[in-house]
Amino acid sequence: MDKILMIGMALLLCFFCVKAQTVVKLESDIRPIVRVQINGKVEYMIIDTGSSINILSPQTVYKYKVRIRTQYTGTVYSAKGHTNAVHVDSVMIKIKEMEINQFVMINLSSITDNILQATGIKIAGILGTPAIKELKMIIDLSRGIVTINKNSETTVSTD
């Protein structure tokens with residue numbers, strides 16, 4: 001009887017864990033691009049596990065009239081060298097009603113052009129490690145999905 005009760009409780013716990021997850025379909029089968037909302041409008045962003053920051057392109061910042069924090073400018077280093085970055089405020093970026101925070105503005109024109117040519121999708125920015133950690137993303141490229149666990153303390157293992 002105790003074994004049946006323990007199995008029932010474990011199944012119930014798994015049910016609640018799964019319910020706390022949100023699955024997002026990738027928009028491209030060759031790049032991990034997801035649909036987001038920026039200030040309520042549909043846009044697309046690429047998930048980049050190698051990026052230590054979340055980035056918006058200047059075109060996106062100006063299109064949505066996002067406030068730029070002029071008091072802070074930093075330098076970002078990449079494989080192509082370094083560039084200036086400016087923190088941005090007053091932007092609401094969401095995936096499936098889950099908000100993502102902490103963005104900087106960097107010129108992404110060569111990246112956005114390359115991705116547009118490869119996929120036909122114009123991206124507005126990059127979701128880097130901060131967004132991946134904040135949303136507790138599990139990226140499954142073979143199935144073309146991203147699982148988001150933002151509000152759950154526990155994730156379900158499929159091992």
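We're numbering straight along the sequence, starting at 1. Just so it is clear, the structure is predicted and the values come from calculations on it, not from any experiment. The analysis underlying the following values was restricted to heavy atoms, covering all of them including side chains, and did not include hydrogens, waters or symmetry mates.
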Trainee: Could you report the tightest heavy-atom contact between F103 and L56, atom names first, then the distance?
Mentor: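 Shortest heavy-atom separation between F103 and L56 comes out as CD2-CG, 3.7 Å.
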Trainee: Return the minimal non-hydrogen interatomic distance between I38 and A124, and the atom names on each side.
Mentor: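 Closest approach of I38 to A124, heavy atoms only: CD1-CB, 3.8 Å.
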Trainee: How long is the straight-line distance from CD1 of I132 back to OG1 of T49, given to the nearest 0.5 Å?
Mentor: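 It is 5.5 Å, given to the nearest 0.5 Å.
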Trainee: If you round to the nearest 0.5 Å, how far is NZ of K136 from CE of M98?
Mentor: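 It is 11.5 Å, given to the nearest 0.5 Å.
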Trainee: Begin with the C-alpha distance, continue with both residues' side-chain angles, and end with the deciding distance and a verdict on side chain to side chain contact (heavy atoms under 4.5 Å, CB included) for Q37 and E97.
Mentor: CA-CA 8 Å; Q37 286 188 346; E97 301 305 317; 4.1 Å; yes
Trainee: If two hydrophobic side chains count as joined below 4.5 Å and joins carry through other members, does Y62 share a cluster with V36?
Mentor: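 As far as the 4.5 Å side-chain criterion goes, V36 and Y62 are connected within one cluster.
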Trainee: With distance as the sole test, does N54 use its side chain to make a donor-acceptor pair with the main-chain N or O of L127 at under 3.5 Å?
Mentor: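 Here the side-chain-to-backbone pair does not exist.
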Trainee: Are V146 and D140 side-chain neighbours, meaning at least one heavy-atom pair lies under 4.5 Å?
Mentor: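 No, too far: nothing below the 4.5 Å cut-off.
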Trainee: Quick one: does R31's side chain get under 4.5 Å of L141's, heavy atoms only?
Mentor: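 The answer is no, as the side chains (C-beta and beyond) never meet within the 4.5 Å cut-off.
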Trainee: Distance from E134 atom CD to I148 atom CD1, nearest 0.5 Å?
Mentor: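 Spacing of CD (E134) from CD1 (I148) equals 10.5 Å.
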Trainee: Can you see which heavy atom on G125 is nearest to which on L108, and at what distance?
Mentor: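 Minimum heavy-atom separation between G125 and L108: CA-CD1, 3.9 Å.
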Trainee: So does D48 get a backbone contact from the side chain of S51, meaning a donor-acceptor N/O pair under 3.5 Å?
Mentor: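 Judged by distance alone, no pair lies under 3.5 Å.
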Trainee: Test of understanding: with side-chain contact (heavy atoms from CB on, under 4.5 Å), list the residues that count as partners of D113, not counting sequence neighbours.
Mentor: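 With neighbours one apart ignored, the set is K122.
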Trainee: With a 4.5 Å heavy-atom cut-off, do N114 and T112 have their side chains touching?
Mentor: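 They are not in contact (no side-chain heavy atoms under 4.5 Å apart), so the answer is no.
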Trainee: Does the side chain to side chain donor-acceptor pair (under 3.5 Å) test come out yes or no for T147 and N149, once each step is laid out?
Mentor: CA-CA 7 Å; T147 305; N149 297 290; over 6 Å; no
Trainee: Are the side chains of S57 and N107 in touch, meaning some heavy atoms are under 4.5 Å apart?
Mentor: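 Answer no - side chains too far apart.
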Trainee: Between I123 and I33, is any pair of side-chain heavy atoms under 4.5 Å apart?
Mentor: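 Side chain of I123 against side chain of I33, heavy atoms only: contact under 4.5 Å found.
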Trainee: For the pair E99 and K94, find out whether any cationic side-chain nitrogen is under 4.0 Å from an anionic carboxylate oxygen.
Mentor: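 Judged by the 4.0 Å cut-off on N to carboxylate O distance, E99 and K94 do not form a salt bridge.
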Trainee: Would you give the length of the straight line joining atom OG1 of T22 to atom CD1 of I145, rounded to the nearest 0.5 angstrom?
Mentor: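 Rounded to the nearest 0.5 Å, the OG1-CD1 separation comes to 11.5 Å.
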Trainee: Would you compute the distance between atom CD of Q102 and atom CD1 of I55 and round it to the nearest 0.5 angstrom?
Mentor: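 Here the rounded value is 13.5 Å.
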Trainee: Under 3.5 Å, is there a donor-acceptor pair between the side chain of N39 and the main chain of M92?
Mentor: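 Side chain of N39 to backbone of M92: a pair is present.
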Trainee: Which atom names give the shortest non-hydrogen contact between T119 and I121, and what distance separates them?
Mentor: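 Taking every non-hydrogen atom into account, OG1-N, 3.1 Å.
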Trainee: For T129, check side-chain contact (heavy atoms from CB on, under 4.5 Å) against everything at least two apart and list the hits.
Mentor: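 Counting only residues at least two positions away or on another chain, T129 forms a side-chain contact (heavy atoms from CB on, under 4.5 Å) with K133.
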Trainee: Should I95 and M137 count as side-chain neighbours, where that means a heavy-atom distance under 4.5 Å?
Mentor: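 Yes. Closest side-chain heavy atoms under 4.5 Å.
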Trainee: List, one per line, each side-chain donor-acceptor pair under 3.5 Å for residues 40-47, sequence neighbours excluded.
Mentor:
from: E43; atom 1: OE2; to: K63; atom 2: NZ; distance (Å): 2.8
from: E43; atom 1: OE2; to: Y64; atom 2: OH; distance (Å): 2.6

